[in-house]
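Keep in mind that this is a model prediction, so the values were computed, not measured.
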2 protein chains.
Amino acid sequence: MTTVSHALSGKGIVAESTRARVIDTARRLRYRPNAVASGLRSNRLGILALVLRPLDTLESFQPEGVDYFLRFAGAASLSALEHGYGLMLLSDPTLPETPSVALAADGFIITEPVENDPVIDLLQTEGIPLLTVGKDLGRPSYDAWIEPNTAKITRQVLHHLEENGARRVAIAVGTDRNSWNISSEASYREWCSERGQEPLILAQRETSGTAGGRAIGEELLGMADRPDAVYCLTGRHAAGLMARLAESGVGTPDDMLLVAGSDSEQTRNSVPPISAVDLEPEVLARAAVAALVKQLGGEPASGQAGTDGRFIIRGSSTRL
Amino acid sequence: MTTVSHALSGKGIVAESTRARVIDTARRLRYRPNAVASGLRSNRLGILALVLRPLDTLESFQPEGVDYFLRFAGAASLSALEHGYGLMLLSDPTLPETPSVALAADGFIITEPVENDPVIDLLQTEGIPLLTVGKDLGRPSYDAWIEPNTAKITRQVLHHLEENGARRVAIAVGTDRNSWNISSEASYREWCSERGQEPLILAQRETSGTAGGRAIGEELLGMADRPDAVYCLTGRHAAGLMARLAESGVGTPDDMLLVAGSDSEQTRNSVPPISAVDLEPEVLARAAVAALVKQLGGEPASGQAGTDGRFIIRGSSTRL
DNA sequence: ACTCTTGCCCAAAACGTTTTGGGTGATTAC
DNA sequence: GTAATCACCCAAAACGTTTTGGGCAAGAGT
């Protein structure tokens, strides 16, 4: 048995001739090692778990405007397979109905954890390795994360708006206390203070969709010193915002420049199409899986930027 | 040990007081049964696997136009969790690099298997329960499937086109030999013969995207007795087709009525928007998971229609 | 001639559950 | 008063691997 195990796993020392014989016989007998038994003994099942946190607050896996997450999940799954792991899609594992197999995963990827995320607490007490996509702001010393280079992306967008004639740029963020919202806002504030400008920050819940975007538009319309550009993190907000402004005769891009922080169906298909940052979830997902696998192999974790994003300039932020 | 096992799983006969004491103690000690050990003994891991077959032929998990599958995966995942299972996303498990944990799943869902799908062969020789979404046409007697009610949907679409003035309807199908393509075509032929019409069937590879749609448009433009309506199964084809026709002055819906067989980003956002059948992947996914779980529980499998689709009428098929 | 490696193989223990097959004392049936 | 039935609990086996700790030749070093 030992020899077979070694021959098939490539671990111990087995004569090449013996290994060949074992492998051949195994094929002939259609023998495949039982992954569960092997998992029990070696304490390694070969499964990664993916928890898309923002979807736990939405009414579950709606497709519209959340294609970011679906692209992420698909790419993560393929990447996991390439590393020899299966990928299990989970929702919040702190919920009592969670199947016990959830915690049997070898490691977790948590996207956009909330501040002091209880999911992370659970995994840490269980001793399960994890990696977050986007920092947990309540754990500044926690080091296993990967995220877009938000500072760079924010500055790039703001620079673009300025170059296209914006005199005063507002930012519209979501209300979730996650790394993306907070760092984007911080970078924006920094940029404003460099220019001696008063920051203008509008917030709407992520879940509010285009209606939330309309509410932002409403707010802007009511302002005496209305800004002439908005960097709106959520694609759905951006679309709603643009629609609301248009209804009151404030045109994009003529009267208002607009950029969305995350590309989505809505930003691509509005009229005019909305400039947006493609956060390249595929790139991020592959990086996250690779980092987690490395961590499972014993290497120490370390936070890093996984993508600089791809800024797609469309009609909403360029005047001809 | 037996008593604890029984108390926690609710299986054997345990005095209520004992059970309470066990549960309480378990909580105090933060004891959780090890899913892998339990899986080894009981031969039931608590994981379902999902193989989205059409994505194995695409260049892997592209989001555009395949939101059907992503909606399916999300809904399947949630539904699996509700049934106490985790859901593992896999690509073709017959590939040699497949992690061995793939075959440790308790059951498989295979969407749109190809004819005589080798994945099904593999699972059957391994004795792993499976359910297909869309029949495998090479296995007429195989009974564990669920699929949209293609016949009903096709007739509904054709009826709608006829009602809106179509005199001659063509169908544009994909080239994959899967149940959707074949049954749609069969229903279409039947409908034609009922009317004594000559069927006109155009085929393009699914992977060709909007370019394939343009090719269909090209073909139509070259025809002397051009039909005045097209039922185009793939949303991306429909969008490309409409764009190509428009370039040659053939307007939709004025000169050509158009309906897509599967709703997607492209059909929603074309100008005019394209009428389409929403195949309700969420409904199908939930039905598939429920049926598979039932099958795992020992009940016999039986094929059935999972959804009648939701026909969304838009501008491309209605003349004012 | 003797130890010491080295290369290879093997028996047995271990992983943490579930299941099997009793076992015990209390209640009921005759 | 004995047997039968229950309700409950328990010891030990079993699931299919990996890992541990030798063991046995053959060659190398002295």
Side-chain angles (χ1 to χ4, degrees), chain A residues 1-47 49 84-86 98-107 123 125-129 296-298, chain B residues 1-47 49 84-86 98-107 123 125-129 296-298:
Chain A
M1 282 170 68
T2 311
T3 305
V4 172
S5 175
H6 284 163
L8 294 179
S9 72
K11 273 196 175 162
I13 310 169
V14 183
E16 204 35 69
S17 63
T18 312
R19 152 167 297 131
R21 204 151 49 90
V22 166
I23 289 179
D24 185 64
T25 309
R27 191 189 343 264
R28 221 162 19 84
L29 300 177
R30 283 180 172 36
Y31 167 82
R32 293 174 199 273
N34 178 317
V36 178
S38 135
L40 173 60
R41 182 61 237 240
S42 60
N43 206 18
R44 176 194 169 290
L45 228 201
I47 291 188
Y85 288 85
T98 305
S100 65
V101 71
L103 296 178
D106 298 340
L123 296 177
T125 66
E126 295 287 327
I128 302 174
L296 293 179
Chain B
M1 284 168 69
T2 311
T3 305
V4 172
S5 175
H6 284 162
L8 294 179
S9 72
K11 272 197 175 162
I13 309 169
V14 182
E16 202 37 67
S17 63
T18 312
R19 151 166 298 134
R21 202 150 51 89
V22 167
I23 290 179
D24 185 65
T25 309
R27 191 189 342 265
R28 218 160 22 83
L29 300 177
R30 282 181 176 30
Y31 167 82
R32 293 174 200 271
N34 177 318
V36 178
S38 137
L40 174 59
R41 183 59 238 242
S42 59
N43 204 18
R44 176 195 171 288
L45 229 202
I47 291 188
Y85 288 84
T98 305
S100 66
V101 71
L103 296 179
D106 298 341
L123 296 178
T125 67
E126 295 287 328
I128 302 173
L296 293 179

Enquirer: Remember a base hit wins even if backbone is also touched, and classify B:Arg44 as base, sugar-phosphate or nothing at under 4.0 Å, heavy atoms.
Expert: nothing
Enquirer: Which atom pair, heavy atoms only, marks the closest approach of A:Pro129 to A:Asp106?
Expert: CD-O, 3.3 Å
Enquirer: Within the distance-only criterion (no hydrogens, no angle test), does the side chain of B:Ser5 pair as donor or acceptor with the backbone N or O of B:Met1 below 3.5 angstrom?
Expert: no
Enquirer: Nucleotide by nucleotide, 5' to 3', does protein get under 4.0 Å of the base (B), only the sugar-phosphate (S), or neither (-) in nucleotides 4-11 of chain D, counting heavy atoms?
Expert: ----SSBB
Enquirer: Please report the interatomic distance CD1(A:Ile13) to OG1(A:Thr3), rounded to the nearest 0.5 Å.
Expert: 11.5 Å
Enquirer: Of the nucleotides D:dT19, D:dT17, C:dT19, which has the atom closest to the B:Ser42 side chain?
Expert: C:dT19
Enquirer: At how many degrees, to 10°, do the end axes of the helix from C:dA1-D:dT30 to C:dC30-D:dG1 meet when each uses five pairs?
Expert: 50°
Enquirer: To the nearest Å, give me how far apart CG (A:Leu40) and P (D:dT17) are.
Expert: 12 Å
Enquirer: Roughly how far apart are A:Leu8 CG and A:Ser38 OG, rounded to 0.5 Å?
Expert: 11.0 Å
Enquirer: For A:Asn34 and C:dC15, what is the distance between atoms CG and P respectively, to the nearest whole Å?
Expert: 18 Å
Enquirer: Between atom CG in B:Asp106 and atom P in D:dC15, what is the gap in whole Å?
Expert: 18 Å
Enquirer: Quick one, A:Leu103 with A:Leu123, criterion side-chain contact (heavy atoms from CB on, under 4.5 Å). Give me CA distance, side-chain angles, the key distance, then yes/no.
Expert: CA-CA 8 Å; A:Leu103 296 178; A:Leu123 296 177; 4.1 Å; yes
Enquirer: Report the distance from atom CZ of B:Arg41 to atom CG of B:Asn43, rounding to the nearest 0.5 Å.
Expert: 10.0 Å
Enquirer: What distance separates A:Ile128 CD1 from A:Leu296 CG, expressed to the nearest 0.5 Å?
Expert: 11.0 Å
Enquirer: Would you say A:Val101 and A:Ile47 make side-chain contact, with heavy atoms under 4.5 Å?
Expert: no
Enquirer: Rounded to the Å, how far apart are B:Leu45 CG and C:dT17 C1'?
Expert: 13 Å
Enquirer: What is the distance from CG of A:Leu103 to C1' of C:dG16, rounded to the nearest Å?
Expert: 16 Å
Enquirer: Side-chain N or O of B:Lys11 less than 4.0 angstrom from OP1 or OP2 on C:dT19?
Expert: yes
Enquirer: Checking A:Thr25 against A:Arg28 for the side-chain contact (heavy atoms from CB on, under 4.5 Å) test, could you report, in this order, the C-alpha distance in whole Å, the side-chain angles of both residues, the deciding distance, and whether it holds?
Expert: CA-CA 5 Å; A:Thr25 309; A:Arg28 221 162 19 84; 3.6 Å; yes
Enquirer: Ignoring hydrogens and angles, answer whether the base of D:dT18 and the side-chain atoms of A:Arg41 contain a donor-acceptor pair closer than 3.5 Å.
Expert: yes
Enquirer: So does A:Ser5 get a side-chain nitrogen or oxygen closer than 4.0 Å to the phosphate oxygens (OP1/OP2) of D:dT17?
Expert: no
